[in-house]
Amino acid sequence: MNLSLYTVTAFLIIDTDGHRVLAKYYHPKGHPNGESKKLTTLKEQRAFEKGLFQKTKKAGGDIILYDSHLAVYKHSLDLIFYIIGDPTENELMLNAALVAFTDAVHLLLRNQVEKRGVLENLDLVLLCLDETIDDGIIVETDSTTIASRVSRPKADTTEIVINEQTILSAYQTVKEKMQQRIGQL
């Protein structure tokens with residue numbers, strides 16, 4: 001029985017041509033190795049991504065066991081989002097994390113989740129990913145919470161009004177304090 005919190009091996013976004021848009025592989029130090037293949041080199045990662053894309057390029061599925069890795073995926077216009085885990089992981093938890101991430105990205109990008117939009121807002125997408133998965137551990141599965149943590153803060157609507165009266169008041173206060181200090185010497 002696997003009681004580890006490290007459930008995610010990798011997160012991928014691949015376009016419909018099979019090219020990598022975003023890839024994040026997790027190799028935490030405390031992770032139990034198990035029997036799954038480690039995807040440590042770029043060559044292994046690219047080969048894995050190419051084979052995975054060939055198996056999942058047609059819409060219609062959402063989970064696959066490929067090359068001793070469990071892959072949960074979701075199609076969105078010209079992108080495919082993947083969460084990769086060990087074959088013994090809970091696919092429902094991986095799916096919940098993937099759905100939360102994609103929904104949060106939809107909220108942040110205002111339903112413009114396509115390759116161009118993701119690349120233009122890569123900072124938000126990466127922050128969203130970091131709020132969902134931290135070093136292979138799923139930390140949040142609520143899309144609105146993820147989006148609210150990532151979204152840019154709105155400009156402060158309460159403006160400070162500076163007029164002659166506030167400047168004169170500040171001047172008087174400074175003048176009085178200076179007179180008090182000089183008087184103490």
Side-chain angles (χ1 to χ4, degrees), residues 1-15 20-42 44-46 48-49 51-53 55-56 59-77 79-115 117-119 121-153:
M1 177 184 251
N2 183 8
L3 297 178
S4 174
L5 290 175
Y6 298 102
T7 57
V8 180
T9 305
F11 180 85
L12 308 169
I13 301 176
I14 298 177
D15 66 9
R20 175 193 285 192
V21 175
L22 173 87
K24 194 163 186 180
Y25 289 85
Y26 301 99
H27 302 292
K29 292 186 171 136
H31 187 282
N33 289 341
E35 297 178 11
S36 67
K37 236 170 65 171
K38 286 198 156 228
L39 302 168
T40 53
T41 66
L42 181 62
E44 290 173 346
Q45 292 172 1
R46 294 283 187 168
F48 176 77
E49 292 166 17
L52 183 62
F53 172 74
K55 293 286 187 185
T56 60
D62 58 356
I63 187 167
I64 187 172
L65 187 61
Y66 174 74
D67 196 26
S68 72
H69 288 90
L70 182 66
V72 179
Y73 60 98
K74 185 173 183 179
H75 288 264
S76 173
L77 294 178
L79 296 173
I80 308 172
F81 296 89
Y82 298 90
I83 286 189
I84 313 297
D86 287 334
T88 59
E89 293 302 334
N90 184 346
E91 56 272 356
L92 294 175
M93 189 64 192
L94 293 176
N95 189 48
L98 181 62
V99 168
F101 172 81
T102 55
D103 289 350
V105 169
H106 276 276
L107 287 171
L108 291 169
L109 300 183
R110 295 182 180 94
N111 290 328
Q112 300 297 320
V113 182
E114 55 189 19
K115 184 177 180 180
V118 167
L119 290 175
N121 296 292
L122 194 58
D123 57 340
L124 290 177
V125 174
L126 285 170
L127 284 172
C128 194
L129 178 59
D130 289 341
E131 287 294 329
T132 308
I133 303 166
D134 183 29
D135 203 25
I137 299 172
I138 297 172
V139 291
E140 187 63 63
T141 57
D142 182 28
S143 59
T144 54
T145 304
I146 296 166
S148 68
R149 289 180 185 166
V150 170
S151 62
R152 295 183 177 110

Requested in this report: For Asp130, enumerate each residue passing the salt bridge (charged side-chain N to carboxylate O under 4.0 Å, His left out) test, keeping only those at least two apart in sequence or located in another chain.
Outcome: Lys24

Report task. Evaluate the side-chain proximity of Lys74 to Tyr82: yes if any heavy-atom separation is below 4.5 Å, no if none is. Result -> no

Requested in this report: Apply the test side-chain contact (heavy atoms from CB on, under 4.5 Å) to residues Val118 and Asn121: give CA-CA distance (whole Å), side-chain angles for both, the deciding distance (0.1 Å), then the verdict.
Outcome: CA-CA 5 Å; Val118 167; Asn121 296 292; over 6 Å; no

Query raised in the report: Should Val125 and Ile13 be marked as a side-chain contact (heavy atoms from CB on, under 4.5 Å) after you check the CA-CA gap, both sets of side-chain angles, and the distance that decides it?
Result: CA-CA 11 Å; Val125 174; Ile13 301 176; 4.2 Å; yes

**Report entry** Taking every non-hydrogen atom, the tightest pair across Ala10 and Val8
**Finding:** O-CG1, 3.4 Å

Query raised in the report: Between Asn90 and Leu92, is there a donor-acceptor pair closer than 3.5 Å when you use the side chain of the first and the backbone of the second?
Result: yes

Requested in this report: Determine whether Tyr25 and Phe48 make a side-chain contact, defined as any pair of heavy atoms from C-beta on separated by less than 4.5 Å.
Outcome: yes

Report task. Report the C-alpha distance between His75 and Phe81 in whole Å, list the side-chain angles of each, state the deciding distance to 0.1 Å, and finish with yes or no for ring-ring contact (aromatic ring centres under 6.0 Å, His included). Result -> CA-CA 6 Å; His75 288 264; Phe81 296 89; 9.8 Å; no

Query raised in the report: Has the side chain of His106 got a donor or acceptor atom that lies under 3.5 Å from a matching backbone atom of Ala104?
Result: no

**Report entry** Contact summary for Ala147 and Leu108, nearest pair of heavy atoms
**Finding:** O-CD2, 3.7 Å

Query raised in the report: Do Leu98 and Leu94 have side-chain heavy atoms sitting under 4.5 Å apart?
Result: no

Requested in this report: With rounding to the nearest 0.5 Å, note down the distance linking CD in Gln45 to CZ in Arg20.
Outcome: 5.5 Å

Report task. State the CG-CG distance between Leu70 and Leu65, to the nearest 0.5 angstrom. Result -> 6.5 Å

Requested in this report: Check whether any side-chain heavy atom of Tyr26 sits under 4.5 Å from a side-chain heavy atom of Ile133, and report yes or no.
Outcome: yes

Query raised in the report: When rounded to the nearest 0.5 angstrom, what distance separates CD1 in Ile83 from CG in Leu129?
Result: 8.0 Å

Report task. Examine the side chains of Asp142 and Thr144 and answer whether a donor and an acceptor come within less than 3.5 Å of each other. Result -> yes

Report summary line: dist Leu22:CG -> Lys115:NZ (nearest 0.5 Å) comes out at 12.5 Å

Query raised in the report: Should the pair Phe11 and Phe101 be assigned to parallel (<30°), tilted (30 to 60°) or perpendicular (>60°) ring geometry?
Result: perpendicular

Query raised in the report: Okay, side chain of Asn95, backbone of Glu91: is any donor-acceptor separation there less than 3.5 Å?
Result: no

Query raised in the report: Do Val113 and Leu77 touch side chain to side chain, with heavy atoms closer than 4.5 Å?
Result: no

Query raised in the report: Given the rule in the side-chain contact (heavy atoms from CB on, under 4.5 Å) test, do Ile14 and Val21 qualify, once you have shown the distances and angles that lead to the verdict?
Result: CA-CA 5 Å; Ile14 298 177; Val21 175; over 6 Å; no

Query raised in the report: Can you tell me how far OH of Tyr73 sits from CD1 of Ile63, rounded to the nearest 0.5 angstrom?
Result: 9.5 Å

Query raised in the report: Do we see a donor-acceptor contact under 3.5 Å between the side chains of Tyr66 and Thr56?
Result: no

Query raised in the report: Is there a side-chain contact between Leu127 and Glu131, using heavy atoms and a 4.5 Å cut-off?
Result: no

Report task. Measure the spacing between CG of Asp123 and SG of Cys128 and express it to the nearest 0.5 Å. Result -> 11.5 Å

Report task. Could you please spell out the steps behind the side-chain contact (heavy atoms from CB on, under 4.5 Å) verdict for Glu89 and Thr9? Result -> CA-CA 10 Å; Glu89 293 302 334; Thr9 305; over 6 Å; no

Query raised in the report: Mind checking whether Ile84 and Leu52 have side chains closer than 4.5 Å, heavy atoms only?
Result: yes

Query raised in the report: Between Thr41 (side chain) and Glu44 (backbone), is there a donor-acceptor pair under 3.5 Å?
Result: yes

Query raised in the report: Any side-chain heavy atom of Leu12 sitting closer than 4.5 Å to one from Glu49?
Result: yes

